[in-house]
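Here's the structure, in structure tokens; my notes come after.
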Amino acid sequence: MSEFSLFNTLTRSVEPFAPSDGETVKLYTCGPTVYNPAHLGNFRTFLFEDLMRRALRLRGWKVVQVMNLTDVDDKIITRASEQGKTIREVTDPVITIFHEDRKYLRIEDAEHYPRATAYIPDMIALIERLIANGVAYVADDRSVYFAIEKFAMYGRLSRLDTREIQSGARVSQDDYSKENAQDFALWKAAKPLDEACEAAWDSPWGRGRPGWHLECSAMAMAILGETIDLHAGGIDLIFPHHEDEIAQSEAATGKTFARCWCHGEFLLTDGAKMAKRVGNVQNVADLRRNGVSGAAVRHFMFSTHYRKQLNLSGEALEGSIEGVRRIGDFAERLTAAQGGTRGLEEAADRLDRDVRTAIFDDLNAPNAMAALFEFIRTANKELDAGGSEAGSLRRAREVLAMVNGLLDVQPDRAAADADLAGWVEGQLTARTEARARRDFGTADAIRKALDEKGVVIEDTAAGTRWKLDQ
RNA sequence: GGCGCCGUGGCCAAGUGGUAAGGCGGCAGACUGCAAAUCUGCUAUUCGUCGGUUCGAUUCCGACCGGCGCCUCCA
């Protein structure tokens, strides 16, 4: 069996990876905070995780993926109060949009999408364990904090020396009273605003709500167990989010929380991190409105390795749209082909091997994509040569399906409705007749009329074919 | 101030101590009535700059220039 390796943030190096039980990968991925539709930067991370789960399965393992939905937090509460709603009324519609966007980008369903508010009892139980272990304390304001100096390994993931966080850092004191500025909240005592939008629950320490980091630890352990195989997220979550998850999980259980940590780099726009506070965000809806397909977005996101920053530009996106068109045209050609050649089969074998090698080597999607395009060029050539071997054709289709099951960059050709199809067929018949009598003026006028309806035609030896543009 | 990443052709981008994958675009050719699709050839003597190590560096080391990120709740 081929090796599978991933870059582990804990060691800052690419290492062999396998699930601890040799069979099922327990994967936890930090999901969106649902107060606003996720932007493309968020989706770059989710796409990287989608590729990861597909790669793990291709390697032969089962995957149980958890993606949490953070449906209680400061921003959600702010939004709810502004609109006079409960947090649930704010988050429900955003979750719906999240799943629509996700499906548009062909991100597979995770096995679990837990909402933080559904796991309050688990979170409270975890806090009680931490207090019992002496690493958490209840402050004067009835909030509960984790005391980072009680956890020796604190800082191991982010490699931040806790004593040296100083000038330049955004060290803003929040409204809570804690013993050490770097301690983080496990439980936040309720304020009137929280109660007003139904963001407060009973607890042994009074009314309140969970801290952000706590959610992930509690839900990961509740669903996947105390030690998980893989934990992934955006690079900005390394600190403090994942650092804190490790602290509170391991301080509670005494066991390794996640065996391997993977982080995806940022998507930039105009050379700056895409973020709401920078004001340069673009959503899936924006691309959708501009006719950019999910397949094209995937091609774009996978054109660069996940650990490298990627700049969103119109030019790059155009390139992906064209690239994906080529893949689509080729796939249709392969579907329609009557037979293949020995060379086609060899090219398919090569593609099979090269894609696995690339993707099992720390998810090298750009190399996998390169292998796909090399295959397309060779296969087109072989198909030009004719050939009648059913076996090689079958093999080519099988490998292309495998690659597509991994990258999923083959565009859907929009099916024309019956009215349009009928009209097009009529036009094509007229055009074929015109061409037969060498009346090219009429033939070209018809082609122009079709083009204006978004119909592109190709004259081939077997007759004229047509498709909808994009 | 601390920590870290990156800089490869017009654009995107892989990559290795031994002389630059792939995609988009462009140019030329084949095919076509013309197109489209496809194929072929061309499109970086060179990998931010300057040094060093080496038989040999884009790949290792150093300095510098430029871009980006993290340093308490941001994917």
Side-chain angles (χ1 to χ4, degrees), chain A residues 12 29-33 38-49 70 73-75 158-174 181-185 211-213 232-241 243-244 263-268 271-278 299-300 303-305 307-311 313-327 329-330 332-333 354 358 364-374 376-377 380-381 383-385 435 438-440 443-444 447 451 456-461 464-467:
Chain A
R12 312 279 149 131
T29 49
C30 290
T33 297
H39 61 251
L40 289 171
N42 300 314
F43 275 110
R44 182 184 184 197
T45 297
F46 303 148
L47 279 165
F48 135 64
E49 292 159 350
T70 297
D73 106 307
D74 292 356
K75 288 188 289 273
S158 57
R159 302 197 173 176
L160 284 175
D161 187 327
T162 55
R163 291 160 306 184
E164 290 185 10
I165 295 172
Q166 43 182 297
S167 64
R170 302 191 308 257
V171 180
S172 57
Q173 277 294 357
D174 55 32
Q182 290 168 54
D183 288 350
F184 58 90
W212 178 41
H213 316 302
I235 193 168
D236 52 342
L237 296 187
I238 293 174
F239 188 88
H241 188 54
E243 195 70 74
D244 291 350
H263 295 93
E265 255 292 357
F266 286 130
L267 177 69
L268 312 180
K273 167 183 174 178
M274 182 180 283
K276 282 155 200 149
R277 66 162 173 253
V278 179
H299 175 106
F300 170 71
S303 68
T304 302
H305 187 84
R307 283 192 287 111
K308 218 175 146 185
Q309 294 178 343
L310 170 62
N311 196 34
S313 73
E315 222 175 341
L317 219 41
E318 286 298 320
S320 287
I321 290 168
E322 257 322 291
V324 141
R325 193 231 83 228
R326 181 157 208 251
I327 294 167
D329 280 354
F330 171 75
E332 286 182 357
R333 188 179 184 194
D354 291 349
N364 195 328
N367 267 346
M369 203 88 79
L372 173 60
F373 279 100
E374 267 177 280
I376 289 175
R377 180 163 38 77
N380 266 321
K381 219 183 304 184
L383 290 175
D384 283 347
R435 292 178 70 214
R438 303 191 70 74
D439 176 3
F440 298 122
D444 291 347
R447 181 165 61 200
D451 185 63
V456 180
I457 61 173
E458 293 174 26
D459 293 326
T460 72
T464 301
R465 299 191 318 169
W466 64 279
K467 66 181 179 186

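Per chain, numbering begins at 1; letters A, B, ... match sequence-line order. Because the structure is predicted, anything quoted here is derived from the model rather than measured.
- If you check every strand for non-hydrogen atoms under 4.0 Å, A:K273 touches a base.
- Side-chain to base pairing of A:D459 with B:C34: one donor and one acceptor N or O lie within less than 3.5 Å of each other.
- When heavy atoms are screened at a 4.0 angstrom cut-off, A:G264 is found touching no nucleic acid atom at all.
- The base of B:G33 sits within donor-acceptor range of the side chain of A:D444, with an N or O pair under 3.5 Å.
- Here the separation of B:C47 from B:U32, taken at their P atoms, is 44 Å to the nearest Å.
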As a quick check of understanding, evaluate salt bridge (Lys or Arg N to Asp or Glu O under 4.0 Å) for A:R325 and A:D329, giving each step before the final call.
CA-CA 6 Å; A:R325 193 231 83 228; A:D329 280 354; 3.0 Å; yes

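- Side-chain to base pairing of A:R447 with B:A35: one donor and one acceptor N or O lie within less than 3.5 Å of each other.
- One cannot find a donor-acceptor pair under 3.5 Å joining the base of B:C24 and the side-chain atoms of A:R326.
- In this structure, A:E332 atom CD and B:A37 atom P are separated by 13 Å, rounded to whole Å.
- Remark: the A:R277 side chain and the B:C74 base include a donor-acceptor N/O pair separated by less than 3.5 Å.
- Across all strands shown, B:G69 forms a Watson-Crick or G-U wobble pair with B:C3, both key distances being under 3.5 Å.
- Scanning atom types as modelled, one donor and one acceptor separated by under 3.5 angstrom connect the side chain of A:R435 and the base of B:G33.
- Of the C1' atoms belonging to B:C50 and B:U40, the separation is 42 Å, rounded to the nearest Å.
- Within 4.0 Å (heavy atoms only), A:E265 reaches at least one base atom of the nucleic acid.
- The distance between atom CD of A:E322 and atom P of B:G26, rounded to the nearest whole Å, is 9 Å.
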